[in-house]
Number of protein chains: 2
Amino acid sequence: MKNSQLYKGSLNTIIMKLLEEQGRMYGYEITQKVKEITKGELNITEGALYPALHKLEADGLLDVEVEKVDNRLRKYYKLTEKGTTENVNRLAELEEFIKNIQTIVNPKLSY
Amino acid sequence: MKNSQLYKGSLNTIIMKLLEEQGRMYGYEITQKVKEITKGELNITEGALYPALHKLEADGLLDVEVEKVDNRLRKYYKLTEKGTTENVNRLAELEEFIKNIQTIVNPKLSY
DNA sequence: TGTTATGCATAAGAAAATTATGTATATATT
DNA sequence: AATATATACATAATTTTCTTATGCATAACA
């Protein structure tokens, strides 16, 4: 993956946004979804994803349900109530951040 | 500063873009310019800025000229030829990154 | 039967910030 | 005159958040 350091810090917001949209998802599903949406340009590594999911869960923002499908384990995550609230804030912050960056690197597009 | 972790990785690109625009700038001037452009929302810390400038210089992307103004030191930085080329690439990557993030968190705006 | 896909996890290391601190001069305030 | 704020640089310790590498296990495909 190129420009990987750029998305530092935005992974948590991406995860939460997808969970808000999809209701619930398991880890591997999240990586595939992001790959699909970005046409292969953004690939979330497992070493980044799983620790992030665990931290969000530990922080009370996600709930987890373990299921066995085709004899393979899946851990389905969904937003808690706290997570839903927090998601709104983080999305707002991300939008604000993007707006600021745009103002700097592409003044023409900012109005 | 809020959402500080979001701009991890984009600092170098911000610096180079401003230098491209302004011709040459010194460190403190960069922090003030960013604060001004983003209406105080993005504050570059000195602990992030100066090491970043030193690294860009070490990588041959920036040239430095030391001047004394009002008995105070200023280090003016400008893009080298290599830096100018690299700036184009990094800006393109940043735009691409922003587009990808937008596609994920705000599908309505992506087309 | 070996490779690819699915599905989880963690440890070691690197990158890039924050926070705290230090030095020094100039200007504004009280 | 004394003090605080602004200007201007710098670095060390720590933290956060990734990458890379590795490990385990099952299913599907060639």
Side-chain angles (χ1 to χ4, degrees), chain A residues 1-16 24-36 40 42-59 61-62 64-77 90 93-94 97 100-101, chain B residues 1-16 24-36 40 42-59 61-62 64-77 90 93-94 97 100-101:
Chain A
M1 175 171 40
K2 307 163 295 180
N3 34 328
S4 48
Q5 84 278 22
L6 284 175
Y7 91 123
K8 282 201 184 217
S10 54
L11 177 58
N12 286 331
T13 309
I14 291 173
I15 292 172
M16 295 174 75
R24 65 171 208 166
M25 299 180 85
Y26 56 100
Y28 186 75
E29 189 184 9
I30 292 175
T31 66
Q32 299 308 302
K33 186 74 180 174
V34 168
K35 199 185 287 183
E36 178 205 322
L42 218 60
N43 287 283
I44 297 180
T45 60
E46 295 166 299
L49 177 69
Y50 292 114
L53 286 171
H54 300 160
K55 182 157 196 316
L56 288 169
E57 191 198 347
D59 290 345
L61 302 175
L62 301 187
V64 66
E65 285 166 16
V66 180
E67 281 182 33
K68 208 158 195 175
V69 179
D70 290 333
N71 207 33
R72 269 199 239 90
L73 206 69
R74 283 186 187 171
K75 290 195 168 181
Y76 280 96
Y77 290 91
R90 297 205 188 184
E93 281 177 16
L94 183 55
F97 165 72
N100 282 328
I101 292 286
Chain B
M1 174 171 39
K2 307 165 295 182
N3 35 326
S4 50
Q5 86 276 22
L6 285 174
Y7 91 124
K8 283 196 184 220
S10 54
L11 177 58
N12 286 332
T13 309
I14 290 173
I15 292 172
M16 293 173 76
R24 65 172 210 165
M25 299 180 84
Y26 56 99
Y28 186 76
E29 189 183 8
I30 293 174
T31 67
Q32 299 308 301
K33 187 72 180 175
V34 168
K35 198 185 287 181
E36 178 205 321
L42 218 61
N43 286 283
I44 296 180
T45 60
E46 295 166 299
L49 177 69
Y50 291 114
L53 286 172
H54 299 160
K55 183 157 195 316
L56 287 170
E57 191 197 345
D59 291 345
L61 302 174
L62 301 187
V64 67
E65 284 166 17
V66 181
E67 281 181 34
K68 208 159 196 174
V69 180
D70 290 331
N71 207 33
R72 268 200 240 90
L73 206 70
R74 284 185 187 173
K75 290 196 168 181
Y76 280 97
Y77 291 91
R90 298 205 186 183
E93 281 176 16
L94 184 55
F97 165 72
N100 283 327
I101 291 287

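Numbered from 1 within each chain, the chains take letters A, B, ... in sequence-line order.
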* In whole angstroms, how far is the P atom of dA5(C) from the CG atom of N43(A)? -> 13 Å
* To do: Report the residues that fulfil side chain to side chain contact (heavy atoms under 4.5 Å, CB included) with E46(A), sequence neighbours left out, ordered by chain and then residue number.
  => Y50(A)
* Structure fact -> Nearest-nucleotide check on DNA chain D, R74(B) vs A48(A); residue mapping nearer the 5' end is R74(B)
* Y26(B) OH to dC9(D) C1': how many Å, rounded? -> 12 Å
* To do: Identify, with sequence neighbours excluded, every residue that meets side-chain hydrogen bond (donor to acceptor under 3.5 Å, both in side chains) alongside Y76(A).
  => R74(A)
* Rounded to whole angstrom units, what separation is found between the CZ atom of F97(B) and the C1' atom of dC18(D)? -> 13 Å
* With rounding to the nearest 0.5 Å, note down the distance linking OG1 in T31(A) to CG in L42(A). => 11.5 Å
* Asked: Got a second to check how far L62(B)'s CG is from H54(B)'s NE2, nearest 0.5 Å?
  -> 10.5 Å
* Structure fact -> Sorted by chain and number, sequence neighbours left out, side-chain hydrogen bond (donor to acceptor under 3.5 Å, both in side chains) with E65(B) holds for R24(B), K78(B)
* To do: Specify the closest pair of heavy atoms between L53(B) and G27(B), including all atoms of both residues, with the distance to one decimal.
  => CD1-CA, 4.0 Å
* Which residues share a side chain to side chain contact (heavy atoms under 4.5 Å, CB included) with K75(B), sequence neighbours left out -> V64(B), V66(B), Y77(B)
* To do: Could you tell me the separation between the CD1 atom of I44(B) and the C1' atom of dA16(C), rounded to a whole number of Å?
  => 13 Å
* To do: May I ask you to evaluate whether K68(B) reaches the phosphate of dA8(D), defined as a side-chain N or O under 4.0 Å from OP1 or OP2?
  => no
* To do: Report the residues that fulfil salt bridge (charged side-chain N to carboxylate O under 4.0 Å, His left out) with K55(B), sequence neighbours left out, ordered by chain and then residue number.
  => D59(B)
* Asked: For L11(A) and A48(A), which heavy atoms make the closest approach, and how far apart are they?
  -> CD2-O, 3.7 Å
Please enumerate all protein N or O atoms sitting under 3.5 Å from an N or O of nucleotides 3-5 of chain D, with distances to 0.1 Å.
none

* CG of L49(A) versus P of dT6(C): gap in Å, rounded? -> 15 Å
* For dC9(D), take OP1 and OP2 only and decide whether either is under 4.0 Å from a side-chain N or O of H54(B). => no
* Asked: Is any side-chain N or O of Y50(B) closer than 4.0 Å to OP1 or OP2 of dC9(D)?
  -> yes
* Structure fact -> Taken to the nearest whole Å, CE/M25(B) to P/dT7(D) is 13 Å
* Asked: With a non-hydrogen cut-off below 4.0 angstrom, is G27(B) in contact with a base, only sugar-phosphate, or nothing?
  -> sugar-phosphate
* Rounded to whole angstroms, how far apart are CD1 on I15(B) and P on dA16(C)? -> 12 Å
* Which letters describe nucleotides 23-30 of chain D, given B = protein heavy atom under 4.0 Å from base, S = only from sugar-phosphate, - = neither? -> ---BS---
* Asked: Given that L53(B) and Y28(B) both sit by DNA chain D, which one's nearest nucleotide is further toward the 5' end?
  -> Y28(B)
* To do: Starting at atom CG of L73(B), determine the distance to atom P of dG22(C), rounded to an integer number of angstrom.
  => 21 Å
